[in-house]
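Below, chain A is the first sequence line, B the second, and so on; all start at residue 1.
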Protein chains: 2
Amino acid sequence: MGKQMTEMLKGTLEGIVLALLTGKPAYGYEITTLLRDQGFTDIAEGTVYALLVRIEQKGLVDVEKRPSEKGPPRKVYSLNTQGKQELEEFWRTWSFLAERIDQLHSTDRIEGEK
Amino acid sequence: MGKQMTEMLKGTLEGIVLALLTGKPAYGYEITTLLRDQGFTDIAEGTVYALLVRIEQKGLVDVEKRPSEKGPPRKVYSLNTQGKQELEEFWRTWSFLAERIDQLHSTDRIEGEK
DNA sequence: TACCAGTACATAGTATCGCTGAGTAGTGAA
DNA sequence: TTCACTACTCAGCGATACTATGTACTGGTA
């Protein structure tokens, strides 16, 4: 992706990951592949791990270490109460922003038709 | 607004301003008040002017200095061809991201209802 | 055996971007 | 002359994603 996407992901990537964790705990490598499957093909592994460290330090997730059949042990992250609250606020912030931007988009189209 | 909004504006604020400039040139102070009217009440003046410097250096806008009846001369920014292209790419990037996030939002709601 | 791909996590350094806080300058009203 | 409004500028800060690299374990294969 381009620079635009990189900048746009700031602030949204955390919400995306929190949303992915809703109801289904996951570990870092898994989250990375999930993101890639969802179309975020260029998200760097390092980005995800750094983000996970951050949300763990903020106390938004609980962590459990589980052995893996293939490779090093996995760190499984699950959303806790505080994480769910943060996610709710993320949705509020996102909705506010998306509403306004989509409105700009539609008026822009109309301008363009003139 | 909170930190979430601050981070989310990264990458989107530039697009918002470019969209505001579509069809109607404007100067910095005017853009700031436009943003506030649109609900972005906490956008700092300094942020807008810095952004304008950036998009000017990137060659996305043409600038014209006009005297003002009240205060220092205005720098009027208007979108040029390159700016319009950048705006189009912004909409593509935005649509991609918004689509995926909105999808996550809806599946999240369904999860929550379980 | 030696090598490589896949799994899994970690981190130091960099660039970008928005915010804070302060400053400069002009106008007009109390 | 003091204040409010208009209008722009800039240095320093914090947060976030990317780059690049490294560690470590498993299993297949030449």
Side-chain angles (χ1 to χ4, degrees), chain A residues 1-18 25-36 40-58 60-61 63-77 86 90 93 97, chain B residues 1-18 25-36 40-58 60-61 63-77 86 90 93 97:
Chain A
M1 323 244 176
K3 283 181 192 170
Q4 278 193 347
M5 183 57 90
T6 294
E7 290 306 320
M8 245 186 245
L9 282 174
K10 291 185 182 177
T12 55
L13 187 57
E14 182 179 307
I16 292 171
V17 170
L18 291 179
Y27 54 96
Y29 191 81
E30 190 183 9
I31 292 170
T32 304
T33 59
L34 273 176
L35 287 170
R36 298 210 208 273
F40 301 103
T41 51
D42 290 345
I43 302 245
E45 261 194 285
T47 300
V48 176
Y49 287 112
L51 191 155
L52 290 172
V53 167
R54 231 158 49 222
I55 62 177
E56 183 186 353
Q57 280 170 350
K58 284 203 241 172
L60 307 180
V61 287
V63 188
E64 194 192 344
K65 217 163 207 174
R66 286 190 212 160
S68 162
E69 323 82 52
K70 315 187 132 195
R74 295 166 174 165
K75 284 180 77 176
V76 178
Y77 296 84
E86 182 81 358
F90 169 76
T93 309
L97 187 62
Chain B
M1 324 244 174
K3 282 182 194 170
Q4 277 192 346
M5 183 56 89
T6 293
E7 291 306 320
M8 245 186 245
L9 283 174
K10 291 184 181 177
T12 56
L13 187 57
E14 181 178 309
I16 292 171
V17 170
L18 292 179
Y27 54 96
Y29 192 81
E30 190 183 8
I31 293 170
T32 305
T33 59
L34 273 175
L35 287 169
R36 297 210 208 274
F40 301 103
T41 51
D42 290 345
I43 303 245
E45 261 195 285
T47 299
V48 176
Y49 287 110
L51 191 155
L52 291 173
V53 168
R54 232 157 47 222
I55 62 176
E56 184 186 353
Q57 280 171 350
K58 284 203 241 173
L60 308 180
V61 286
V63 188
E64 195 193 343
K65 219 163 205 174
R66 287 191 211 159
S68 163
E69 324 82 51
K70 316 186 132 195
R74 295 165 173 166
K75 285 178 76 176
V76 178
Y77 296 84
E86 181 82 358
F90 169 76
T93 310
L97 187 62

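Side-chain atoms of B/Glu30 come within 3.5 Å of backbone atoms of B/Tyr27 as a donor-acceptor pair (strictly under, hydrogens ignored). Although no hydrogens or angles enter the test, the distance criterion places no donor-acceptor pair under 3.5 Å between the side chain of A/Glu64 and the main chain of A/Val76.
Between A/Arg36 and A/Thr41, the shortest heavy-atom contact is NH1-O, 3.1 Å. In terms of heavy atoms, A/Tyr29 sits closest to A/Tyr49 at N-OH, 3.4 Å. When all heavy atoms of B/Glu56 and B/Val61 are compared, the closest pair comes out as CA-CG2, 3.7 Å.
Put simply, CG on A/Leu52 is 12 Å from C1' on C/dA8, counting in whole angstrom units. As rounded to whole Å, 8 Å separates atom P of D/dC5 from atom OH of B/Tyr29. Atom pair B/Arg74:CZ and D/dT6:P shows a separation of 10 Å (rounding to whole Å applied). Across the protein-nucleic acid pair, B/Ile31 atom CD1 and D/dT6 atom C1' stand 15 Å apart, rounded to whole Å. Atom pair B/Tyr27:OH and D/dA7:P shows a separation of 4 Å (rounding to whole Å applied). The nearest whole Å value for the distance from the CD atom in A/Glu56 to the C1' atom in C/dT11 is 15 Å. Rounded to an integer number of Å, the gap from NZ of B/Lys75 to C1' of C/dG26 is 17 Å. Separating the CD atom of B/Gln57 from the P atom of D/dT9 is a distance of 11 Å, rounded to the nearest angstrom.
Using a 4.5 Å heavy-atom cutoff, the side chains of A/Ile43 and A/Val48 are in contact. Contact check for A/Thr6 versus A/Leu9: no side-chain heavy atoms found under the 4.5 Å cut-off.
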Review point. When you check every protein heavy atom under 4.0 Å of nucleotides 23-30 of chain D, what one-letter string (B, S, -) results, 5' to 3'?
Key: -BBS----
Exercise for review: Sugar-phosphate means primed atoms, P, OP1 and OP2; the rest is base. With that split, encode nucleotides 10-21 of chain D 5' to 3' as B, S or - using protein heavy atoms under 4.0 Å.
Suggested key: B---BBBSBB--
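The side chain to side chain contact (heavy atoms under 4.5 Å, CB included) search around A/Lys10 returns A/Glu7, B/Glu7, B/Lys10, not counting sequence neighbours.
Counting heavy atoms of neighbouring residues, nucleotides and ligands inside a 6.0 Å radius, atom NZ of A/Lys58 exceeds 12 of them.
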